[in-house]
J.: 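First the structure, which I've put down as structure tokens, then a few questions once you've had a look.
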Amino acid sequence: QLQLVESGGGLVQPGGSLRLSCAASGFTFDYYAIGWFRQAPGKEREGVSCISGIDGSTYYADSVKGRFTISRDGAKNTVYLQLNSLKPEDTAVYYCAARTHYCSAYRNPELYDYWGQGTQVTVSS
């Protein structure tokens, strides 16, 4: 059974950092693209980053470019999202999701087949 489990969220002050993890079971990342999304209260789910399973290409939304970094560890079957220089507007539930192969139109949540349960990130002083 294919499963994604996020972890690493928490409360952090503005300017701080967190590292989110997305651990997969039931499949290997080699054939899947993994996207990270976030959803704040009252807002739509927003795609923030994606990493391709085929070639490791990475993609970032303009709102996080230069602050967030996506990476993967094949041995651990885990994808990470490093969050630096956090701002209060980054507060949201963060989800990882899987789809086959590539990150084309990665910000469209309808293109993903599998989702994790989410992890809360709160940026506040």
Side-chain angles (χ1 to χ4, degrees):
Q1 182 179 356
L2 192 149
Q3 189 175 14
L4 299 170
V5 178
E6 302 97 333
S7 61
L11 173 64
V12 63
Q13 292 185 344
S17 298
L18 286 172
R19 189 177 77 158
L20 306 184
S21 299
C22 173
S25 60
F27 72 104
T28 59
F29 284 143
D30 289 350
Y31 305 104
Y32 287 82
I34 303 298
W36 280 97
F37 289 78
R38 65 186 181 185
Q39 189 165 21
K43 295 188 177 181
E44 293 187 353
R45 193 165 293 192
E46 175 192 17
V48 298
S49 187
C50 185
I51 185 165
S52 168
I54 296 297
D55 59 8
S57 298
T58 58
Y59 304 84
Y60 299 94
D62 288 343
S63 58
V64 306
K65 199 171 293 182
R67 300 188 298 122
F68 291 8
T69 303
I70 192 170
S71 62
R72 64 181 182 180
D73 184 333
K76 295 182 178 180
N77 223 28
T78 299
V79 168
Y80 303 98
L81 187 67
Q82 179 68 41
L83 286 58
N84 295 331
S85 302
L86 282 162
K87 306 174 182 179
E89 52 263 43
D90 294 319
T91 295
V93 178
Y94 283 70
Y95 300 89
C96 64
R99 55 183 283 194
T100 51
H101 301 141
Y102 297 106
C103 291
S104 55
Y106 73 93
R107 302 191 73 184
N108 183 352
E110 296 183 3
L111 298 178
Y112 292 79
D113 301 309
Y114 306 98
W115 290 83
Q117 83 289 350
T119 185
Q120 176 71 46
V121 172
T122 302
V123 184
S124 175
S125 55

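This chain uses plain numbering: 1 for the first residue, then up along the sequence.
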J.: Taking disulfide (SG to SG under 2.5 Å) as the cut-off, I'd like each qualifying pair that reaches into residues 53-125, sequence neighbours left out, listed once.
T.: C22-C96, C50-C103
J.: Determine the minimum heavy-atom distance between A24 and L4, stating which atoms define it.
T.: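 It is CB-CD2, 3.9 Å.
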J.: Take L2 and Y32, measure what side chain to side chain contact (heavy atoms under 4.5 Å, CB included) needs, and give me the verdict at the end.
T.: CA-CA 12 Å; L2 192 149; Y32 287 82; 4.0 Å; yes
J.: Is there a side chain to side chain contact (heavy atoms under 4.5 Å, CB included) between S104 and R99 once you walk through the steps?
T.: CA-CA 10 Å; S104 55; R99 55 183 283 194; 3.3 Å; yes
J.: Is any side-chain heavy atom of Q13 closer than 4.5 Å to a side-chain heavy atom of P88?
T.: no
J.: Check whether any side-chain heavy atom of Q82 lies under 4.5 Å from a side-chain heavy atom of S71, and answer yes or no.
T.: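 When only atoms from C-beta onward are counted, S71 and Q82 do not touch, as no gap falls below 4.5 Å.
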J.: Working to the nearest 0.5 Å, report the span between CG of L86 and OG of S17.
T.: 6.0 Å
J.: So do L81 and T69 actually touch side chain to side chain, heavy atoms under 4.5 Å?
T.: no
J.: Answer yes if Y102 and I70 sit in the same cluster of Ile, Leu, Val, Met, Phe, Trp and Tyr residues linked by side chain heavy atoms under 4.5 Å apart, and no otherwise.
T.: no
J.: If I take atom CZ from residue R67 and atom CG from residue N84, how far apart are they, to the nearest 0.5 angstrom?
T.: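 Interatomic distance, R67 CZ to N84 CG, rounded to 0.5 Å: 9.0 Å.
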J.: Please tell me whether R72 and T58 have a donor and an acceptor in their side chains that are separated by less than 3.5 angstrom.
T.: no
J.: Rounded to the nearest 0.5 Å, what separation is found between the CD1 atom of I34 and the OH atom of Y80?
T.: 13.0 Å
J.: When the side chains of residues 118-125 are checked against the rest of the protein, which donor-acceptor pairs come out under 3.5 Å, sequence neighbours left out?
T.:
unit_1 : atom_1 : unit_2 : atom_2 : d
T119   : OG1    : G9     : N      : 3.1
Q120   : NE2    : A92    : O      : 3.4
Q120   : NE2    : T122   : OG1    : 3.3

J.: Could you walk me through whether E6 and Q117 pass the side chain to side chain contact (heavy atoms under 4.5 Å, CB included) test, one step at a time?
T.: CA-CA 7 Å; E6 302 97 333; Q117 83 289 350; 2.8 Å; yes
J.: Side chain to side chain contact (heavy atoms under 4.5 Å, CB included), that's the test. Do F27 and Y114 meet it? Break it down for me.
T.: CA-CA 11 Å; F27 72 104; Y114 306 98; 5.9 Å; no
J.: Would you list the pairs meeting ring-ring contact (aromatic ring centres under 6.0 Å, His included) in which at least one residue belongs to residues 36-73, sequence neighbours left out?
T.: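 Listed by first then second residue: F37-Y112, F37-W115, Y59-Y106.
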J.: Quick one, L20 and Y95 - any side-chain contact, counting heavy atoms below 4.5 Å?
T.: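 With C-beta onward as the side chain, the pair stays apart.
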J.: Would you find more than 12 non-hydrogen atoms of other residues, nucleotides or ligands less than 6.0 Å from E44 atom CD?
T.: no
J.: Does the side chain of T78 come under 3.5 Å of the side chain of D73 through a donor N or O and an acceptor N or O?
T.: no
J.: Between D90 and K87, is there a salt bridge with N-O shorter than 4.0 Å?
T.: no
J.: Are V79 and Y31 connected in a single hydrophobic cluster, I mean Ile/Leu/Val/Met/Phe/Trp/Tyr linked by side-chain heavy atoms less than 4.5 Å apart?
T.: yes
J.: Could you check if a side-chain atom of S63 sits within less than 4.5 angstrom of a side-chain atom of R38, using non-hydrogen atoms only?
T.: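 They are in contact (side-chain heavy atoms under 4.5 Å apart), so the answer is yes.
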